[in-house]
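Down below is the structure, laid out as structure tokens.
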Amino acid sequence: MAPTGLKAVVGEKILTGVIKNLKKDGEWKVLLVDHLSMRILSSCCKMSDIMAEGITIVEDINKRREPIPSLEAIYLITPSEKSVRALINDFKDTPTFMYKAAHVFFTDTCPESLFTELGKSRCTKVIKTLKEIHAAFLPLESQVFSLDSMDSFHHLYNSHAPNSNSTLLESMAEQIATLCETLKEYPAVRYRKGPDMNAALANLIHDKLNAYKADNPSMGEVSNITYLFL
């Protein structure tokens with residue numbers, strides 16, 4: 001039976017789509033996370049369930065860690081500059097890398113500049129998996145989510161720095177689009193007439209949904225739900 005409720009859907013996406021698919025009898029792996037991916041993981045997965053699938057330890061990619069060159073590592077991280085650079089640094093030194101190999105899962109779309117930087121690094125020699133799972137939001141309850149962006153209100157309505165909003169709106173649009181992709185929904189986007197940022201955010205979300213729809217034409221065929229963004 002397919003999981004129901006947002007937390008269950010995201011939990012299944014991570015446990016099955018990321019961890020279980022890489023499980024091999026008699027083999028243990030390390031799971032690396034960053035701040036947001038750890039919060040996503042904690043909100044929908046039990047640590048006991050993670051360990052039962054062959055994960056021996058869960059560590060923060062941005063903290064100091066001891067090398068475990070005998071084990072492969074699963075990286076469940078956001079495609080941010082900080083986390084991608086930490087990934088690159090794990091395989092920068094020779095002759096011993098931090099881990100035996102890397103299976104990389106980004107929570108959402110990796111920017112072209114960071115993807116290019118990753119491709120020029122030594123990581124290419126050890127990466128066995130490189131995917132985007134499209135789950136860049138916090139599933140708080142079965143029908144409640146958060147973008148985990150506590151400073152967004154201040155930045156969006158700060159009249160002294162209006163030019164700094166474009167990056168934030170882009171990030172928020174991507175997060176909302178990954179929510180729709182996770183739920184397999186292709187909603188009609190509506191917004192309240194008012195500040196220019198309302199239209200800008202709605203258009204960004206619409207463009208990103210169209211990109212997901214192009215990759216998965218069946219997206220949105222299950223229901224005709226319309227989402228209203230205010």
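Here, residue 1 is the first one in the sequence, and each next residue gets the next number.
A ring pair (Phe, Tyr, Trp, His ring centres under 6.0 Å) with His134 is found for one member of Tyr212, Phe105, Phe106 and no other, namely Tyr212.
Between the Ser37 side chain and the Leu76 main chain, a donor and an acceptor come within less than 3.5 Å of each other. Remark: the backbone N or O of Thr78 is paired with a side-chain donor or acceptor of Asp34 at under 3.5 angstrom. With Asn198 contributing its side chain and Arg192 its backbone, the two residues share a donor-acceptor pair below 3.5 Å. Judged by distance alone, with hydrogens and angles left aside, the side-chain atoms of Lys92 form no donor-acceptor pair with the main-chain N or O of Ser121 at under 3.5 Å. Under a 3.5 Å cut-off, the side chain of Ser83 and the backbone N or O of Pro79 do not form any donor-acceptor pair. Between the side chain of Glu81 and the backbone N or O of Leu114 there is no donor-acceptor pair closer than 3.5 Å. The backbone N or O of His103 sits nowhere less than 3.5 Å from a side-chain atom of Lys29 that would complete a donor-acceptor pair. Checking side-chain atoms of Gln175 against main-chain N and O of Ala136 turns up a donor-acceptor pair under 3.5 Å.
One distance of note links NZ of Lys23 with OG1 of Thr16; it measures 11.5 Å at 0.5 Å rounding. Expressed to the nearest 0.5 Å, how far SG of Cys45 lies from CD1 of Ile55 amounts to 11.0 Å. With rounding to the nearest 0.5 angstrom, the CD1 atom of Ile50 is 8.0 Å from the CD1 atom of Ile14. In this structure, the separation between CD on Glu27 and CG on Asp25 is 9.0 Å, given to the nearest 0.5 Å. In this structure, CD on Glu141 lies 14.0 Å from SG on Cys44, to the nearest 0.5 angstrom. Atoms CD and NZ, on Glu72 and Lys24 in that order, are 6.5 Å from each other to the nearest 0.5 Å.
Between Lys128 and Leu22 the shortest side-chain heavy-atom distance does not fall below 4.5 Å. Between Leu41 and Leu31, some side-chain heavy-atom pair lies under the 4.5 Å cut-off. Between Ile127 and Phe91, the closest side-chain pair of non-hydrogen atoms is not below 4.5 Å. For the pair Pro69 and Lys100, the minimum side-chain heavy-atom distance is 4.5 Å or more. Here the side chains of Leu138 and Leu36 are in contact, with some heavy-atom distance below 4.5 Å. Looking at Ile61 and Leu87, their side chains come closer than 4.5 Å, going by heavy atoms from C-beta outward. Counting heavy atoms from C-beta on, the side chains of Leu147 and Leu179 never come closer than 4.5 Å. The closest side-chain heavy-atom distance from Lys213 to Leu209 is not below 4.5 Å.
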For Tyr191 and Ile205: C-alpha separation, side-chain torsions, deciding distance, then whether side chain to side chain contact (heavy atoms under 4.5 Å, CB included) applies.
CA-CA 11 Å; Tyr191 63 92; Ile205 294 170; over 6 Å; no
Would Lys63 and Glu59 count as a salt bridge (Lys or Arg N to Asp or Glu O under 4.0 Å) if you check the C-alpha gap in whole Å, the side-chain angles of each, and the deciding distance to 0.1 Å?
CA-CA 8 Å; Lys63 292 184 179 179; Glu59 294 195 289; over 6 Å; no
Run the side chain to side chain contact (heavy atoms under 4.5 Å, CB included) test on Phe97 and Asp90 for me, step by step, so that the C-alpha distance in whole Å, both residues' side-chain angles and the decisive distance to 0.1 Å come before the verdict.
CA-CA 6 Å; Phe97 292 146; Asp90 279 354; over 6 Å; no
Assess the residue pair Glu117 and Arg85 against the criterion (side chain to side chain contact (heavy atoms under 4.5 Å, CB included)); give the C-alpha distance rounded to whole Å, side-chain angles, the decisive distance to 0.1 Å, and a yes or no.
CA-CA 9 Å; Glu117 186 175 348; Arg85 293 274 171 79; 2.4 Å; yes
Start with the C-alpha gap between Glu12 and Lys20, add the side-chain angles, then the distance that decides, and say whether salt bridge (Lys or Arg N to Asp or Glu O under 4.0 Å) holds.
CA-CA 10 Å; Glu12 180 69 14; Lys20 285 184 180 180; 5.4 Å; no
Step by step, work out the side chain to side chain contact (heavy atoms under 4.5 Å, CB included) result for Lys131 and Val18.
CA-CA 9 Å; Lys131 293 183 178 181; Val18 176; over 6 Å; no
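Closest heavy-atom contact between Ile40 and Ala135: CD1-O, 3.3 Å. Considering every non-hydrogen atom in both Ile77 and Leu32, the closest pair reads CG2-O, 4.1 Å. Smallest separation of non-hydrogen atoms from Lys208 and Ala177: CB-CB, 3.8 Å. Nearest heavy-atom pair, Glu132 versus Thr109, reported as atom, atom and distance to 0.1 Å: OE2-CA, 3.5 Å.
In summary, Arg39 and Asp148 engage in a salt bridge, as defined by a charged side-chain N under 4.0 Å from a carboxylate O.
Side chains of Thr178 and Asp108: no donor on one and acceptor on the other come within 3.5 Å. Ser218 and Asn216 share a donor-acceptor pair across their side chains, judged by distance under 3.5 Å alone.
For Lys13, the NZ atom is densely surrounded, since the number of other residues' heavy atoms within 6.0 Å is greater than 12.
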